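Report on the following structure.
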Amino acid sequence: MSVLIFIDHLEGQVKKASLEALSYGAKIAAQVGSNAEGFVLGTITADLAELGKYGIQKVHQVSDASLDQLDAQVYANVTVQIAQSAGADIIIFPNNLIGKAVAPRVAARLKAGLVSGASELPDTTNGFVVKKVVFSGKAFARVKIDSAVKVIMLNPNAYPVTEGEGKAEVVNATVTVPASKVRVTKSNAATGEIILTEAEIVVSGGRGLKGPENWGGVEELATLLGAATACSRPVADSGWRPHHEHVGQTGIAIAPNLYIAIGISGAIQHLAGVNRSKTIVVINKDAEAPFFKAADYGIVGDALEVLPKIISAVKRLKGK
Ligand SMILES: Cc1cc2nc3c(=O)[nH]c(=O)nc-3n(C[C@H](O)[C@H](O)[C@H](O)COP(=O)(O)OP(=O)(O)OC[C@H]3O[C@@H](n4cnc5c(N)ncnc54)[C@H](O)[C@@H]3O)c2cc1C
């Protein structure tokens, strides 16, 4: 029996969401008295043995180059083979784009109960109960999984990365990689940008910024803070910013440590994608804007006056 954790990676490096999943899985393994093992698909340059410091004992690797492109059906097939050979009874994915594509397929193939959006360690005192986020973060549910095999999708930023000592044993998994039924013919990756879903800090603008000509301040603050930029949906719909920056219910869901919302009203559909951020700072000229109810810190004022002052203050602090 073991806890098996999916190791998601980008440009050869393990994503933070997976380090959280490894730490979470290792803690569950300790809780239920079993082994924690990771698995990685595709080419990766990171030193996999080093992942032992997150509490796992073993890493199963399938370094087949055909797995460098995500095909959810192939990934699910290979995951099931690894899970069965490792005797995994708990399988953990980060609740990100790749986890959402693969985990449900794995659960269906293994007839496993699945909990997405997990926000805490399971309670194993009476069965196996996982707390999860529901209604776009407005409520929690506790879900009992009764099946022999359990699949959990851990929300980003819900569990801390816990580093200790130790090396993991790295083994080549003996699997058959099925041929993909789809083929990527062309991909255009954004370069030189901080990826929104991976960013620790996000600076985001809404319609209160009046027009794309006023985004210089948002970009400058983001660069100073090493942050990614984001926007509300009408901003992307109006073509002021690219669609890949649109966050919310119909856009990307993010959970950075710091979310700075500038000239955004805080509509429920926007909050649905950002309310898992650890700290929220809101700048809005309307003291009654709904976003202030979700904010940890708020500034009531005209963004076009406040933003330059924040930028100067950050520059001063950074000695720039
Ligand atoms: C099905 C559905 C799905 C949706 N999905 C999303 C989604 O995924 N993401 C999303 O963002 N929206 C989504 N929306 C739209 C959402 O309901 C809101 O309309 C949208 O979030 C509002 O964007 P906004 O806050 O930028 O603009 P507005 O609502 O126009 O708010 C602008 C804010 O800026 C403030 N302001 C104005 N001038 C200044 C100034 N000079 N300085 C400071 N503050 C100023 C105003 O007080 C106001 O609070 C969705 C809507 C529907 C119906």
Side-chain angles (χ1 to χ4, degrees), residues 17 95-97 99-101 116-117 133-139 153 155-157 190 193-199 201-222 224-225 227-314:
N95 194 24
N96 57 12
L97 289 174
K100 284 176 188 168
S116 61
V133 174
V134 291
F135 296 119
S136 298
K138 287 242 167 271
M153 296 160 68
N155 265 348
N157 237 343
E193 284 180 25
I194 295 172
I195 294 164
L196 197 45
T197 49
E198 291 289 295
I201 305 176
V202 174
V203 183
S204 187
R207 219 153 35 179
L209 280 167
K210 314 288 185 219
E213 65 280 4
N214 291 325
W215 241 263
V218 173
E219 286 179 338
E220 190 176 359
L221 182 59
L224 278 169
L225 297 174
T229 49
C231 67
S232 65
R233 174 169 156 174
V235 162
D237 286 347
S238 312
W240 297 358
R241 298 297 292 177
H243 272 291
H244 67 253
E245 288 195 358
H246 155 200
V247 289
Q249 183 186 311
T250 45
I252 296 173
I254 54 172
N257 284 330
L258 175 61
Y259 183 70
I260 305 176
I262 308 166
I264 304 177
S265 58
I268 188 160
Q269 296 90 352
H270 185 85
L271 290 175
V274 303
N275 60 5
R276 285 188 289 108
S277 308
K278 281 260 186 303
T279 303
I280 296 179
V281 176
V282 169
I283 304 168
N284 197 302
K285 70 172 188 187
D286 175 8
E288 300 298 318
F291 221 149
F292 283 120
K293 290 205 178 79
D296 297 285
Y297 301 95
I299 301 173
V300 179
D302 185 332
L304 301 178
E305 290 170 16
V306 173
L307 200 45
K309 290 183 184 156
I310 295 181
I311 290 169
S312 320
V314 174

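Just so you know, these numbers use all the heavy atoms, side chains as well, and skip hydrogens, waters and symmetry mates. Both ligands and their constituent atoms are indexed starting at 1 by order of listing. Only a predicted model underlies this, so the values are computations on that prediction, with no experimental measurement involved.
Within ligand 1, the atoms closer than 4.0 Å to a non-hydrogen atom of Gly251 are 8 (O), numbered from 1 in the order shown. Atoms of ligand 1 found under 4.0 Å from any heavy atom of Ala267 (numbered from 1 in listed order, with element): 16 (C), 17 (O), 18 (C), 21 (O). Every atom of ligand 1 is numbered from 1 in the order shown, and the set under 4.0 Å from a heavy atom of Gly206 is 26 (O). Distances below 4.0 Å separate heavy atoms of Gln249 from the following atoms of ligand 1: 7 (C), 8 (O). In summary, the atoms of ligand 1 found under 4.0 Å from a heavy atom of Val247, numbered by their order in the structure, are 7 (C), 8 (O), 9 (N), 10 (C), 11 (O). Interface of Asp302 with ligand 1, defined as ligand atoms under 4.0 Å from a residue heavy atom, comprises 40 (C), 41 (N), 42 (N).
In the candidate list Lys285, Gln269, His270, Gln269 is nearest to atom 14 (N) of ligand 1, counting heavy atoms. The heavy atom nearest to atom 48 (C) of ligand 1, out of those in Asp286, Val306, Asn284, is found in Asn284. In the candidate list His246, Arg233, Glu305, Arg233 is nearest to atom 4 (C) of ligand 1, counting heavy atoms. Of the candidates Gly208, Ala272, Gly273, it is Gly208 that places a heavy atom closest to atom 37 (C) of ligand 1.
In this structure, atom 19 (O) of ligand 1 is not in close contact with the protein, since no protein heavy atom lies within 4.0 Å of it.
Here the side chain of Asn284 pairs no donor or acceptor atom with the backbone of Ala289 at under 3.5 angstrom.
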task = Applying salt bridge (charged side-chain N to carboxylate O under 4.0 Å, His left out), run through Glu305 and Lys285 and close with a yes or a no.
result = CA-CA 10 Å; Glu305 290 170 16; Lys285 70 172 188 187; over 6 Å; no
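Heavy atoms of other residues, nucleotides or ligands lying less than 6.0 angstrom from CD of Glu288 number 12 at most.
Distances from ligand 1 to the non-hydrogen atoms of Val235 include no value under 4.0 Å. Residue contact annotation: Gly301 has a non-hydrogen atom under 4.0 Å from ligand 1.
With a 4.0 Å heavy-atom cut-off, ligand 1 is reached by the side chain of Pro234 but not by its N, CA, C or O. Both the backbone and the side chain of Ser265 come within 4.0 Å of ligand 1, judged by heavy-atom distances.
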